[in-house]
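Let me begin by presenting the structure, written as structure tokens, before commenting on it.
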Amino acid sequence: MIEYSIVILLVIAGFTFVDNKRVQRNKKYWIVLTWLFLTLLIGLRFLVGGDTQYYMDDYSWRKGLADWEFDLTDKYQPGYTLLCSIAKSFSSEFYVFQLIHASIVNTLLFILINRYTRFFFAALFSVFFTCYLYFTTEVLREVVAVLIFALNYKSLLQGRWLRYYFGILLCCIFHLSAIFLIILPFMRKIKINGYFFLLLAITFFVAMAFLNNTLNILSQFVLLSDKFNSYKDLTSTGMLADMLNLFRTCIFPICYCIVVKFICKREVKFENMIAIMSLFGLAAFFSPIIFSRATNYFILFFSISIADFCVQSLSQHKAFVCQYAIVLTLCFFALYGSEYAMYGRYRRWVPYYSIFNPIKVDRDNYGDNK
């Protein structure tokens, strides 16, 4: 736990000496220090993360860059295999790939946060609390696609379709789940209003009535068939877990937008992205394995948005807005903190071991608590 505690201390220090100051002196030095520690933390880990072993097994037979081929039929997608081949050209040790991957992910993430909020460390802590460890140790391919999409967000806003769809192509080269992003231009007008709740109701009934038929149709596509056929019968991870996920990805984000937009009369940063996430979060209640992957592409927007609003509101010392910011913050920690405790999920990341102390532990959070 001490490794994760250092991350928290770095973020708190960054918030105290950078975010909390009107003149943000030495900001870049704090950012570089935090980037370096996180990159080493993730890059030098040893079997931290439930899926790390699968990636290690796959990496063991990958070839060097000279023998790499662009292969769309590879289930790991060519963008990821290219990174593997680059790393394999330097070493057969998996930690070399981890360092390259962590460097790319952290760089893209830090650029994203710095682009959209002045409260850098508050937003980084929000991201760390909601999804950072999951993204950097579990979904190594998808996280690159998620960050490419997030950094390409302005193209969606500005209607620069050639650039937007080129970005989606890059996303798909890393993870095929990004293919659903092609429909987002038709959803960019969705906001939290009366029409949204009508759309939410339609989503509920359509997902409940036609989900299985839709999945059966999608499973006929060659590139998607293996994934859908293996996932479509996994319709629940338990009622309590499903309900909590519904609150995290749908109900609480909607409540957050309502509080900010209609009660506090403030602009909701990334309102469209949060609204779309809520729709997919509702669909995920009926098929969590499939549609929860879609919510991965929006959780960064929500994490940055809520951190930006709460810190900004608390720093302005307006009692009315502060009260709501405090309530939202407490609900945020309670909801997303429960995800680590659920079924012992914390065991995916705790205890932490590095390549300098390579100890194997059981990372199965679905078994009996031990």
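Sequence positions, counted from 1, serve as the residue numbers for this chain. Everything numeric here is computed off the predicted structure, so don't read it as measured data.
By the salt bridge (Lys or Arg N to Asp or Glu O under 4.0 Å) test, Glu142 is found to be paired with Arg293, residues two or more places apart in sequence or in another chain being considered. Remark: Thr137 engages Trp349 in a side chain to side chain donor-acceptor pair (under 3.5 Å) (not counting sequence neighbours). Every residue meeting the side chain to side chain contact (heavy atoms under 4.5 Å, CB included) condition with Ala150, not counting sequence neighbours, appears here in chain and number order: Leu112, Phe301. For Ser155, the side chain to side chain contact (heavy atoms under 4.5 Å, CB included) partners are Asn152, Arg160, Arg163, Tyr164, not counting sequence neighbours. In this structure Asp58 satisfies the salt bridge (Lys or Arg N to Asp or Glu O under 4.0 Å) test together with Arg62, sequence neighbours excluded. Ile86 meets the side chain to side chain contact (heavy atoms under 4.5 Å, CB included) test with Leu65, Leu82, Phe90, Ile100; sequence neighbours excluded. Taking Cys131 as the reference, Val127, Phe135, Ile299, Leu300 meet the side chain to side chain contact (heavy atoms under 4.5 Å, CB included) condition, with sequence neighbours excluded.
Note: Phe285 and Phe291 fail the aromatic proximity criterion, with ring centroids not under 6.0 Å apart. Taking the centre of each ring, Tyr59 and Tyr55 stay at or above the 6.0 Å mark. Between Phe280 and Tyr297, the distance separating the two ring centers is not shorter than 6.0 angstrom. The ring of Phe356 has its center no closer than 6.0 angstrom to the ring center of Phe46.
Side chains of Thr295 and Thr249: no donor on one and acceptor on the other come within 3.5 Å.
Under the side-chain hydrogen bond (donor to acceptor under 3.5 Å, both in side chains) criterion, no residue pair touches residues 180-191, with sequence neighbours excluded. Listed by first and then second residue, the side-chain hydrogen bond (donor to acceptor under 3.5 Å, both in side chains) pairs involving residues 79-94 are Trp68-Thr81 (not counting sequence neighbours). Among residue pairs with one or both ends in residues 99-110, those qualifying as side-chain hydrogen bond (donor to acceptor under 3.5 Å, both in side chains) are Trp35-Thr107, Thr39-Asn106, Asn106-Tyr132; sequence neighbours excluded.
Taking the six-membered ring where the residue is Trp, Phe298 and Phe180 present perpendicular rings, their angle passing 60° and hence far from 30°. In this structure, Tyr4 and Phe128 have tilted ring planes: the angle between them lies in the 30° to 60° band.
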Anything under 3.5 Å between a donor and an acceptor, one on a side chain of residues 328-336, the other on a protein residue two or more places apart or in another chain? List them.
unit_1	atom_1	unit_2	atom_2	d
Thr329	OG1	Ala325	O	2.7
Tyr336	OH	Arg248	O	2.5

List, one per line, each side-chain donor-acceptor pair under 3.5 Å for residues 255-265, sequence neighbours excluded.
unit_1	atom_1	unit_2	atom_2	d
Tyr256	OH	Ser305	O	3.0
Tyr256	OH	Ser305	OG	2.7
Lys261	NZ	Ile192	O	3.2
Lys261	NZ	Glu271	OE2	2.7
Lys265	NZ	Phe262	O	3.2

